[in-house]
**Q** 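I'd like to ask you about the structure that follows.
In what follows, residues are counted from 1 in the order of the sequence shown. For ligands, and for the atoms within them, numbers begin at 1 and follow the listed sequence. Remember, it's a predicted structure, so these values are computed and weren't measured experimentally.
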Amino acid sequence: MDNRPIGVFDSGVGGLTVVKQVMKALPNEDIVYFGDTARLPYGSKSKEAVTRFSSQIVRFLLTKNVKAIIIACNTASSNSLDTLRKEFSLPIFGVVVPGVEEALRSTKNKRVGIIGTAATVRSNAYQQLICQADPEIQVFSKACPLFVSLVEEGWTENEIAHLTAQQYLKELIEEGIDSLVLGCTHYPLLKRCIGETVGDAIRLVDPAKATARQVWNYLRENALLNETEKPGDRVFYVSDATDKFEFLCQRALKKSYEPEIIDIEKY
Ligand code: DGL
């Protein structure tokens, strides 16, 4: 048994979609969340910058005595996970491998679409892992950078969101994919809009649930679960003021949490 919290981070509010699944799978675990709102978006940054930011965040989370870390960000998972695992000794989980496993389970016609930030698409992480597992699968990737701004702005259902989705997703629909991986943790907040755009024939794959399952398995197998009976505490930190955070927390977690602002550059 290990009652220390789990650290979770993202560039902003996207990681809350992962927190939601972790809260469901591991209701007794304490969670410390960090959203790097001062330096968002990560998706347009270089691998080096994303890795430097991610290392600082891990160092910050270590001051909160976390027992494990979930990188609830595809951009950081696909660009920085290996470096972070070399640099730090605690267990660190990314969202890409669980997303790949879900995609392999989902596709029947072996045509898979991946949407994510420019940095995630550029990393080729999804494509490589899917093709390694099944070389017959064809992967079609598309960077959809504006989706992150729409989510952070709370514009997930309006006409602009729908037009943006139509523009971005047109070519993937034309490729005849049957599964579409939401390869950015912000995108599940646009699930309805994306679903309406692609139609029922294309299954949306959200890596969050599989990520939470993987963490649960790991903690259980290594006797690291928090076995107290009470529901876990959740604490939120951000690197800059954001009036949208509480609103988006409410949308993602059905509860409003007030985040504390910290200076991440100190770490
Ligand atoms: N939510 C993040 C991801 O999953 C990144 C969004 C961004 O900062 O560009 O990739």
**Q** Hey, does G116 sit under 4.0 Å from ligand 1 if you only count heavy atoms?
**A**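 No heavy atom of G116 comes that close to ligand 1.
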**Q** Check each heavy atom of V148 against ligand 1 and say whether those closer than 4.0 Å belong to the side chain, the backbone, both or neither.
**A**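 Side chain only; the backbone of V148 stays clear of ligand 1.
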**Q** Against heavy atoms of T75, which atoms of ligand 1 measure under 4.0 Å?
**A**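 Near T75, the atoms of ligand 1 are 3 (C), 5 (C), 10 (O).
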**Q** Do the charged groups of E101 and R213 touch, with an N to O distance under 4.0 Å?
**A**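 Salt bridge flag = no for R213 with E101.
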**Q** Decide whether an N or O pair under 3.5 Å exists between T185 and ligand 1.
**A**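 The answer is yes, given that T185 and ligand 1 share an N or O pair closer than 3.5 Å.
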**Q** Are R220 and V215 close enough, and set up right, to give a side-chain contact (heavy atoms from CB on, under 4.5 Å), and what steps lead you there?
**A** CA-CA 8 Å; R220 191 175 46 94; V215 175; over 6 Å; no
**Q** Would you kindly specify which portion of N74 sits under 4.0 Å from ligand 1, judged on non-hydrogen atoms: side chain, backbone, both or neither?
**A**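 Both parts.
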**Q** Does D30 use its side chain to pair, donor to acceptor, with the backbone of D233 at less than 3.5 Å?
**A**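 Judged by distance alone, yes, a pair lies under 3.5 Å.
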**Q** At a 4.0 Å threshold, what atoms of ligand 1 neighbour a non-hydrogen atom of D10?
**A**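 Matching atoms, with element in brackets: 1 (N), 2 (C).
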**Q** For atom 1 (N) of ligand 1, what is the nearest protein heavy atom, given as residue, atom name and distance?
**A**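 Going by distance alone, atom 1 (N) of ligand 1 is nearest to H186 ND1, 2.7 Å.
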**Q** Charged N to carboxylate O under 4.0 angstrom, K110 versus D134?
**A**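 Salt bridge between K110 and D134, a charged N being under 4.0 Å from a carboxylate O: yes.
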**Q** With heavy atoms only and a cut-off of under 4.0 Å, state how V95 meets ligand 1: side chain, backbone, both or neither.
**A**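 For V95, there is no contact with ligand 1 at all, from either part.
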**Q** Considering the heavy atoms of Y42, write down every atom of ligand 1 situated less than 4.0 Å from one of them.
**A**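 Result: 7 (C), 8 (O), 9 (O).
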**Q** Have a look at ligand 1 and work out which part of S11, if any, has a heavy atom under 4.0 Å from it: side chain, backbone, both or neither.
**A**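 S11 to ligand 1: side-chain contact only, backbone stays beyond 4.0 Å.
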**Q** Give me the one residue out of D36, D10, N79, N74 that meets side-chain hydrogen bond (donor to acceptor under 3.5 Å, both in side chains) with Y42.
**A**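 Output: one option passes, namely D36.
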**Q** Using atom types as modelled and distance alone, determine if a side-chain donor or acceptor of N226 lies under 3.5 Å from a backbone N or O of G232.
**A**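 No: the side chain of N226 does not pair with the backbone of G232.
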**Q** For T211 and Q21, test the side chains for any donor-to-acceptor distance below 3.5 angstrom and give the result as yes or no.
**A**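 No, Q21 and T211 have no side-chain donor paired with an acceptor closer than 3.5 Å.
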**Q** Among V181, T120, I194, whose side-chain contact (heavy atoms from CB on, under 4.5 Å) with I115 holds?
**A**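 Output: one option passes, namely I194.
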**Q** Identify, for atom 9 (O) of ligand 1, the protein heavy atom at the shortest distance, and state residue, atom and that distance.
**A**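 The protein heavy atom lying closest is G43 N, 2.8 Å.
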